[in-house]
Amino acid sequence: MNETAVLERLRTALPTGALITQPAAMRPYEADGLTALREMPWAVALPGTEDEVRAALRICRTEGVPLVPRGAGTGLSGGARPVRGGLVLGLSKLNRILEVDVHNCVARVQPGVRNLAISEAVAEHGLYYAPDPSSQLACSIGGNVAENSGGVHCLKYGLTVHNVLGLKVETIEGRTLELGGKGFDYPGYDLLALLCGSEGMLGVVTEVTVRLLPQPPEKVVLLAAFRSLEAAAGAVARMIGEGVIPAGLEMMDALAVQATEDFAQAGYPRDAAAILLCELDGDADEVRTLQAYARRLFEEAGAYQIQQADDAEERERLWRGRKAAFPAMGRIAADYYCMDGTIPRTALVEVLNGVSALSKRFGLAVANVFHAGDGNLHPLILYDASQAGQLESAEALGGEILKLCVKAGGTVTGEHGVGAEKLNQMCVQFGPDELAQFERVKEAFDPKRLLNPGKAIPTLSRCAEVGGMHVHGGELPFPKMERF
Amino acid sequence: MRDEAVRLVETVRRAGAEGRRLVIVGSGSKAGKGQGVRGSFASGQPMASAQPAVLASGSDAPDALETMPVGDHAGIIDHRPEELVLTARCGTALKDVDALLAQHRQHLPFEPPMLDGGGTLGGAVATGWSGPGRPWRGSVRDAVLGVEMVNGLGQRLKFGGQVMKNVAGYDLSRLQAGAWGSLGALLSVSLRLSPMPYVERNCRLPCSADQALAWMRTWARGFSPISATCYQDGLLDVRLSGPEAAVQAAAARIGGELSSDLGHWSALRDWALPIFHGVGDGGAAQRRGGKGAAEKGVGGGVAREAEDGAALWRIHCAPAAPLPPGRCLVEWAGARRWWRTNAPPEAVHAYAKTAAGVAVLAHCAPDFNAPIMARLKQAFDPNRVLNPHLSHGNPVQ
Ligand SMILES: Cc1cc2nc3c(=O)[nH]c(=O)nc-3n(C[C@H](O)[C@H](O)[C@@H](O)COP(=O)(O)OP(=O)(O)OC[C@H]3O[C@@H](n4cnc5c(N)ncnc54)[C@H](O)[C@@H]3O)c2cc1C
Ligand SMILES: Cc1cc2nc3c(=O)[nH]c(=O)nc-3n(C[C@H](O)[C@H](O)[C@H](O)COP(=O)(O)OP(=O)(O)OC[C@H]3O[C@@H](n4cnc5c(N)ncnc54)[C@H](O)[C@@H]3O)c2cc1C
């Protein structure tokens, strides 16, 4: 391709200043939240309208330029990391709330709108948008759709896929797909569910219709402190098993609690081996019943301290620690690496013990802060990239942790996505036939593989190389394929 | 209670190799028992595609299709009550699933049609039909955590898993819900379960259709233990589920007649209310242009439908959109409507459009003909081995 000519076409199609090519100005786009993976983009386009998005896609298609959609760049798996020689298509300027439709309890928004901005915009109507990733201040709804993001309240209210009713998607082939609407379950293949979590590989989301829920009239947050991980995990399993689904149920281990206390002073008991944070919501009557039940359950499970927050200020205090957990880690370690495996809730103790054994073996501390209610672990591996070999150790340890999750019947990523990061682990979780099926789905949307190439789905040859490929019945798949 | 997976995979593989076409049948294997409304099931006929039969020709013509019964591949594989997760083979009868879950005070959140208990779990997932509680309890696809399936190439594939959150690879498991078996035959599914509510009651009050819709929308904006709403023929039914005190308080606010009889909701779920009469069997017969069930005299649906001459439409739309004129059942807090009308199809579609929705004939499977859908079909089943009668789109458009 003639680079100058293509840049010129892009520049003409976009408003002044919306095409960045200066290396210094492109630096912020080198990486997403997983800063260990960097790549300088060829150019960055910041369209401000759907037409401009379409125009940029058309140029990339006809010129064969690969492109990477990008929201706020808070992703933790390198999904928005640029690809060499490729365009970054930043959606941050498409940031308008197009419609708040109170009667239908939906909001129609552009993809660059921040997650929290939706709830703020509809609060006056007593409504909110339920999925609340910890990054909600910054992350975009388009990125949420692409990652099928979760949050603390997803235990009761579901993930992004459960709370999005409609999508407008531009394909690289030049089609506009209008999926779903303001109601539920429009007939036809559920492309909306397919797009959720597709990591910018199948299309560019240009509009999202989200479902709004009524704010619960009453909320209570309980903090229960335990002397052992087993006791805390036991309380989680019992609560879910008895059919009580709290709005959120989070766990932090000793290292996480201590680091957080130093940083945020939320009043967490420093001597706890593990704490649970449990939010209950609903009608006043319902919350009263649930709260009495939960307190009794925690006591029976061995909690030695229970704090209860009834008013907004106290609730904010208890959540403050949890929300500060990531930055707090940044204080006690030069770098940390956040993992995202999900396991059956009954395997919590087994897997956490396994993680702690691995942590000793690799000589790197691991803190655990996670969505216990859905079995979604976030082991934070603490390391120092300036020490030779530590980054590699951290990555190797992370890989081992994810293998442990798969072995326990779980998955290598619950909510952060595969991105550029977990391609090798995908080879552990899927066999060649599944990977080939993923490829054919990709091809149905993007036959030239221009959208976010090299992410999310590993190639068969890569899997053969890392040796993680499943071998069925002792038979090597594709025996004639080159191994490199 | 058998594991027939290997045989099913082989059946698909061989059909592909020999250029044969298969129609997946869930409970159709229990054919010949003449179960009333399920006439066309009994005759082993698949449900109609929304597209006229003319489109089906050559090897896709109904006569060239063989059935592939999957109902024998049955049995619960794993139920972990403390995880709220069930994994079962797709031929498992819904009534068996229900009975097992009830012992643990759990249920399938999406309330599929039970069809006298004979419907299969795979059929429920494949059709993706969610029951009266959909807006509150989620849809079939919402509950899908993972599937094992065989695609049209005869490959046995596993997507998703048994855990609550999973974004590894594209979500090809949820995609199977509502795909009617046209992307593959499901072998087993893992589903998220929900606890049964402590108490469940029905409130019934007389009102106009517009009043009913207005209330439904008001309630949707407030927090309440409502778990289903249904309006038809001057009566509004509201299902309340939750702790006793919350249910009582809500019932007092709503007013009307409170009852513990929940028969209305199972009848709605099973299409057994009067507005549905003649659907299930008659529609399929009508689609086949008077052949099939009607001529064979299976079921009484055609006759009933002929009596009032009106078709039944299912409309998924913006919940607050104004109602259509005439006989209409409104559920899902307004988001799903069943409209019995003589209006020509163009008028029905025009109405659906004004309601930001889509209308389909109640007895028809959806069509999967849009170009992108045709391409997906091709991605899973390039030789069109499985349920080819449901998609006729051109992938190269
Ligand atoms: C009153 C009423 C009447 C109905 N009448 C009909 C009718 O006449 N014909 C009809 O087809 N549906 C009908 N349905 C809809 C639908 O088939 C049922 O609701 C479904 O859940 C029944 O399950 P089944 O096991 O009997 O599946 P089936 O009726 O055998 O199959 C339904 C659809 O799912 C597919 N399917 C079944 N099992 C699998 C599997 N394991 N993997 C992949 N795909 C699978 C089939 O190919 C078919 O497309 C009716 C529903 C109601 C409530
Ligand atoms: C401190 C911190 C806490 C976090 N907490 C959580 C949490 O609790 N739960 C959770 O799930 N995640 C969490 N994350 C991860 C991250 O915030 C989410 O994945 C978020 O959804 C990413 O949104 P973004 O706008 O930043 O997307 P980006 O990082 O810009 O992009 C993410 C992916 O989406 C694609 N993409 C972005 N926009 C579009 C679009 N419009 N169309 C198509 N594809 C697009 C990109 O190509 C990329 O593959 C956290 C991250 C941080 C840094």
Side-chain angles (χ1 to χ4, degrees), chain A residues 103-105 126-127 147-148 150 158-159 162 175 177 181-191 193-194 196-198 214 216-217 237 240-241 243 282-283 285-286 289 342-346 374-376 409-415 417-418 426 429-430 433-434 437-438 440-441 443-444 457, chain B residues 80-84 105-106 128 130 134-135 138-139 141-142 151 155 157-159 161-172 174-175 177-179 195 217 220-223 225 242-243 245-246 249 316-320 332 335 356-358 360 366 368 370 372-373 375-376 378-380:
Chain A
H103 294 295
N104 285 308
C105 293
L127 300 170
E147 300 286 13
N148 191 17
L159 306 163
H162 303 117
R175 283 177 225 278
L177 306 177
K182 290 181 175 180
F184 302 104
D185 308 344
Y186 289 66
Y189 292 141
D190 201 337
L191 299 178
L194 176 61
C196 285
S198 64
I240 305 292
D283 270 343
D285 283 333
E286 190 177 355
T289 315
T342 304
I343 55 168
R345 293 169 277 221
T346 35
D374 357 77
N376 186 189
T411 173
V412 298
T413 173
E415 59 181 14
V418 174
M426 285 289 284
Q429 193 165 329
F430 294 100
D433 287 349
E434 279 97 3
Q437 183 63 69
F438 286 140
R440 287 195 300 276
V441 168
E443 196 173 301
I457 312 294
Chain B
R80 301 187 204 176
E82 69 285 11
E83 291 279 353
L84 291 166
R105 294 198 46 78
Q106 297 180 345
S130 307
R134 184 329 167 191
S139 62
R141 78 89 142 113
D142 287 349
N151 66 7
Q155 294 169 328
L157 309 171
K158 243 179 161 160
F159 299 109
Q162 291 178 285
V163 293
M164 293 299 125
K165 292 159 100 173
N166 193 346
V167 289
Y170 306 124
D171 195 341
L172 302 189
R174 287 200 175 95
L175 182 63
R217 295 318 305 156
R221 296 203 296 274
F223 211 88
H316 295 238
C317 63
W332 291 10
V358 175
V360 285
F368 303 110
I372 190 67
M373 297 203 190
R375 285 185 174 196
L376 267 181
Q378 193 179 36
F380 280 88

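Proteins come first, then strands; the chains are lettered A, B, ... in the order of their sequence lines, and each starts at number 1.
- Contact of A:A237 with chain B is made through the backbone alone, with heavy-atom distances under 4.5 Å.
- In this structure, chain A has a heavy atom under 4.5 Å from the side chain of B:R141, while its backbone stays farther away.
- Most heavy-atom pairs under 4.5 Å with chain A, from the set B:Q106, B:R80, B:Q155: that is B:Q155.
- Nearest heavy-atom pair, A:V441 versus B:L172, reported as atom, atom and distance to 0.1 Å: CG2-CD2, 4.0 Å.
- In terms of heavy atoms, A:M426 sits closest to B:A168 at SD-CB, 3.8 Å.
- The candidate from B:L175, B:I372, B:D171, B:L84 with the greatest count of non-hydrogen atom pairs under 4.5 Å with chain A is B:I372.
- Among the candidates A:V412, A:I240, A:L177, A:T289, the residue making the largest number of heavy-atom pairs closer than 4.5 Å to chain B is A:I240.
- Across every non-hydrogen atom of B:A246 and A:D283, the tightest pair is CB-OD2, 3.9 Å.
- For the pair A:Q437 (side chain) and B:A379 (backbone), a donor-acceptor distance under 3.5 Å is present.
- The aromatic rings of A:F184 and B:W332 sit perpendicular to each other, their planes meeting at more than 60°, with 30° as the lower class boundary.
- Looking only at heavy-atom pairs under 4.5 Å with chain B, the residue among A:H162, A:E147, A:E286 that has the most is A:H162.
- Residue contact with chain B, scored on non-hydrogen atoms closer than 4.5 Å, involves the side chain of A:D285 exclusively.
- The two residues A:C105 and B:A220 come nearest to each other via the heavy atoms SG-O, 4.1 Å.
- Per-residue counts of heavy-atom pairs under 4.5 Å with chain B were compared for A:G243, A:G414, A:G183; the largest is that of A:G414.
- Between the side chain of A:E434 and the main chain of B:K158, a donor-acceptor pair closer than 3.5 Å is present.
- Residues B:Y170 and A:I457 are in side-chain contact: their nearest non-hydrogen atoms beyond the backbone lie under 4.5 Å apart.
- At a 4.5 Å heavy-atom cutoff, the contact between B:P81 and chain A is made by backbone atoms alone.
- Residue B:R105: no heavy atom, backbone or side chain, is found under 4.5 Å from chain A.
- A:L191 places a side-chain heavy atom less than 4.5 Å from the side chain of B:L376.
- With values rounded to the nearest 0.5 angstrom, A:D374 atom CG is found 12.0 Å from B:N166 atom CG.
- When each of A:G181, A:P344, A:G197 is checked for heavy-atom pairs under 4.5 Å with chain B, A:P344 comes out on top.
- Atom-to-atom distance recorded for A:D433:CG and B:N151:CG is 7.5 Å, nearest 0.5 angstrom.
- Listed for the A:T342 side chain is a donor-acceptor partner under 3.5 Å among the backbone atoms of B:K165.
- Between A:Y186 and B:A356, the shortest heavy-atom contact is OH-O, 2.9 Å.
- Note on B:R217, B:Q378, B:R174: by heavy-atom pairs under 4.5 Å with chain A, the leading option is B:R217.
- Counting heavy atoms from C-beta on, the side chains of A:P187 and B:V358 come closer than 4.5 Å.
- Between chain A and the options B:A179, B:G242, B:G357, B:P319, the largest number of non-hydrogen pairs under 4.5 Å is found for B:P319.
- Looking at B:E83, the atoms closer than 4.5 Å to chain A (heavy atoms on both sides) sit in the backbone and in the side chain alike.
- For A:N104 (side chain) and B:A320 (main-chain N/O), a donor-acceptor pair under 3.5 Å exists by modelled atom type.
- Taking CG from A:D190 and CE from B:M373, the interatomic distance works out to 9.0 Å, rounded to the nearest 0.5 Å.
- For the set A:D185, A:L159, A:L127, the entry with the most heavy-atom pairs within less than 4.5 Å of chain B is A:D185.
- Most heavy-atom pairs under 4.5 Å with chain B: of the set A:G410, A:G282, A:G188, this distinction falls to A:G188.
- Ranked by non-hydrogen atom pairs under 4.5 Å with chain A, the options B:G169, B:G161, B:S130 are led by B:G169.
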